[in-house]
Undergrad: 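Structure in structure tokens, see below.
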Amino acid sequence: TQHLYNIKADRILDFSANYRFTDSHGNVIGSIRRKGMRSIWKANYEIFDAAGNHVLQINEENGWVKVVDAIAGEIPVLGMFTGYLFNPAYLVSRTDGTPIARLQKEPAFFEGKFKLEPQTQLSGDEEVRVLLSLLTMTLLERARG
């Protein structure tokens, strides 16, 4: 019931569109950007702070899950069960490689359920950036398949 954040893309059609996060007062919190051609095989995103510094990254753990899901999804009866069988996982880490959170799609037939597990303690700003980035990434990856 209360407006908290905005997510806005800087362009409509592009592999490397930048999605900026602002609070309800218009203050910039950070942004997320897909790593262009590198994200065709496995999802790779860069997360930036309010000043535009690259502070975090999101990497898909296994690119084969997406490939097998796409192929199996085309098989008539088996396609109904792909949401239950193939579940991608994404790792959020700092630029030095330290993992801070893991997002795993849980088995479900007709809906997408995700489990977010923190791997370390996060600051308040970092937690907000991670949550908004994972929300944006999940919506973008859902559109990709």
Side-chain angles (χ1 to χ4, degrees), residues 1-73 79-145:
T1 60
Q2 183 180 4
H3 182 90
L4 298 176
Y5 303 105
N6 289 313
I7 301 172
K8 186 175 181 182
D10 65 346
R11 60 193 91 151
I12 296 173
L13 296 175
D14 192 5
F15 272 118
S16 299
N18 193 36
Y19 296 87
R20 188 173 62 178
F21 312 128
T22 56
D23 63 13
S24 59
H25 303 293
N27 301 320
V28 177
I29 297 169
S31 62
I32 184 172
R33 181 177 62 209
R34 184 182 296 162
K35 279 189 172 178
M37 295 299 285
R38 192 170 171 197
S39 290
I40 289 177
W41 170 247
K42 284 173 54 173
N44 291 291
Y45 290 83
E46 297 173 327
I47 302 172
F48 301 91
D49 64 8
N53 301 316
H54 179 214
V55 291
L56 301 168
Q57 55 200 21
I58 302 173
N59 296 308
E60 187 172 7
E61 288 184 353
N62 187 353
W64 283 105
V65 172
K66 192 182 308 178
V67 173
V68 174
D69 182 31
I71 292 170
M80 295 176 6
F81 300 103
T82 59
Y84 196 79
L85 299 173
F86 305 109
N87 302 301
Y90 304 92
L91 190 62
V92 182
S93 57
R94 293 194 172 95
T95 54
D96 64 1
T98 306
I100 61 169
R102 185 172 187 269
L103 180 71
Q104 170 80 43
K105 183 181 177 294
E106 294 189 332
F109 280 110
F110 298 113
E111 70 275 349
K113 292 183 179 182
F114 290 85
K115 182 178 181 182
L116 179 58
E117 299 175 36
Q119 306 291 312
T120 187
Q121 188 70 19
L122 302 173
S123 68
D125 290 341
E126 204 172 38
E127 183 176 349
V128 169
R129 261 193 298 278
V130 167
L131 289 173
L132 291 172
S133 296
L134 287 172
L135 174 66
T136 303
M137 186 263 326
T138 303
L139 293 170
L140 291 171
E141 291 300 307
R142 184 182 79 175
R144 288 180 58 199

Undergrad: Taking side-chain hydrogen bond (donor to acceptor under 3.5 Å, both in side chains) as the definition, give me every residue that meets it alongside Asp23, ordered by chain and number, with sequence neighbours left out.
TA: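 Scan of Asp23 (side-chain hydrogen bond (donor to acceptor under 3.5 Å, both in side chains), adjacent residues dropped) gives Asn27.
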
Undergrad: Holding to side-chain hydrogen bond (donor to acceptor under 3.5 Å, both in side chains), I want the full list of residues that pass it with His25, two or more places apart in sequence or in another chain.
TA: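 Partners of His25 by the side-chain hydrogen bond (donor to acceptor under 3.5 Å, both in side chains) criterion come out as none, since no residue qualifies.
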
Undergrad: Could you state the interatomic distance from OH (Tyr45) to CG (Leu134), rounded to the nearest 0.5 Å?
TA: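 Here the rounded value is 10.5 Å.
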
Undergrad: Report the residues that fulfil side-chain hydrogen bond (donor to acceptor under 3.5 Å, both in side chains) with Asn6, sequence neighbours left out, ordered by chain and then residue number.
TA: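 Partners of Asn6 under the side-chain hydrogen bond (donor to acceptor under 3.5 Å, both in side chains) test: His3.
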
Undergrad: Side chain of Asn53, backbone of Val55: donor and acceptor closer than 3.5 Å?
TA: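 Not confirmed, Asn53 side chain does not pair with Val55 backbone.
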
Undergrad: I'd like to check the side-chain contact (heavy atoms from CB on, under 4.5 Å) partners of Ala89; sequence neighbours left out, ordered by chain and number.
TA: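 With sequence neighbours excluded, Ala89 shows a side-chain contact (heavy atoms from CB on, under 4.5 Å) to Glu61, Arg102, Gln104, given in chain and number order.
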
Undergrad: For Gln57, give me all partners under side-chain contact (heavy atoms from CB on, under 4.5 Å), at least two apart in sequence or on another chain.
TA: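 For Gln57, the residues satisfying side-chain contact (heavy atoms from CB on, under 4.5 Å) (neighbours in sequence not counted) are His54, Asn59, Ser93.
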
Undergrad: Ignoring hydrogens and geometry beyond distance, is a side-chain donor-acceptor pair present between Thr98 and Asp96 at under 3.5 Å?
TA: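 Result is yes, a qualifying pair exists.
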
Undergrad: Tell me, which pairs form a salt bridge (charged side-chain N to carboxylate O under 4.0 Å, His left out) where one or both residues lie in residues 127-136, sequence neighbours left out?
TA: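 Counting only pairs at least two positions apart or across chains, no salt bridge (charged side-chain N to carboxylate O under 4.0 Å, His left out) contact touches residues 127-136.
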
Undergrad: Which distance, rounded to the nearest 0.5 Å, do you find between the CG of Leu140 and the CG of Leu135?
TA: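 It is 9.5 Å, given to the nearest 0.5 Å.
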
Undergrad: Let me confirm one number: the CZ-CD1 distance from Arg20 to Ile7, rounded to the nearest 0.5 Å.
TA: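 It is 12.5 Å, given to the nearest 0.5 Å.
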
Undergrad: Answer yes or no: is there a side-chain heavy-atom contact under 4.5 Å between Leu56 and Ser133?
TA: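 When only atoms from C-beta onward are counted, Ser133 and Leu56 do not touch, as no gap falls below 4.5 Å.
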
Undergrad: Would you indicate whether the side-chain heavy atoms of Asp125 and Asp49 approach each other to under 4.5 Å?
TA: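 Side chain of Asp49 against side chain of Asp125, heavy atoms only: no contact under 4.5 Å found.
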
Undergrad: For the residue pair Thr120 and Pro99, what are the closest heavy atoms and their distance?
TA: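 Looking at all heavy atoms of both residues, the shortest contact is CG2-O, 4.0 Å.
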
Undergrad: Say whether, by atom type as modelled, one donor and one acceptor occur between the side chain of Asp10 and the main chain of Asn18 under 3.5 angstrom.
TA: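 Side chain of Asp10 to backbone of Asn18, a donor-acceptor pair under 3.5 Å: yes, one is there.
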
Undergrad: Who passes side-chain contact (heavy atoms from CB on, under 4.5 Å) against Gln121, sequence neighbours left out?
TA: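 So Gln121 forms no side-chain contact (heavy atoms from CB on, under 4.5 Å) with any residue.
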
Undergrad: Working to the nearest 0.5 angstrom, can you tell me the gap between Tyr19 OH and Leu132 CG?
TA: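 Tyr19 atom OH to Leu132 atom CG measures 14.5 Å (nearest 0.5 Å).
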
Undergrad: Within this structure, what is the CZ-CG distance for the pair Phe114 and Leu103, rounded to the nearest 0.5 Å?
TA: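 Answer for the CZ-CG pair, Phe114 versus Leu103, is 6.0 Å.
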
Undergrad: Taking all non-hydrogen atoms of both residues into account, name the closest pair between Val28 and Ala50 and its distance.
TA: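 Taking every non-hydrogen atom into account, O-CB, 3.4 Å.
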
Undergrad: Apply side-chain hydrogen bond (donor to acceptor under 3.5 Å, both in side chains) to Arg94 and list each qualifying residue two or more places apart in sequence or on a separate chain.
TA: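 Here the qualifying residues are Glu126.
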
Undergrad: How many angstroms lie between CD1 in Ile29 and CZ in Phe21, if you round to the nearest 0.5 Å?
TA: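 One gets 8.5 Å once the value is rounded to the nearest 0.5 Å.
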
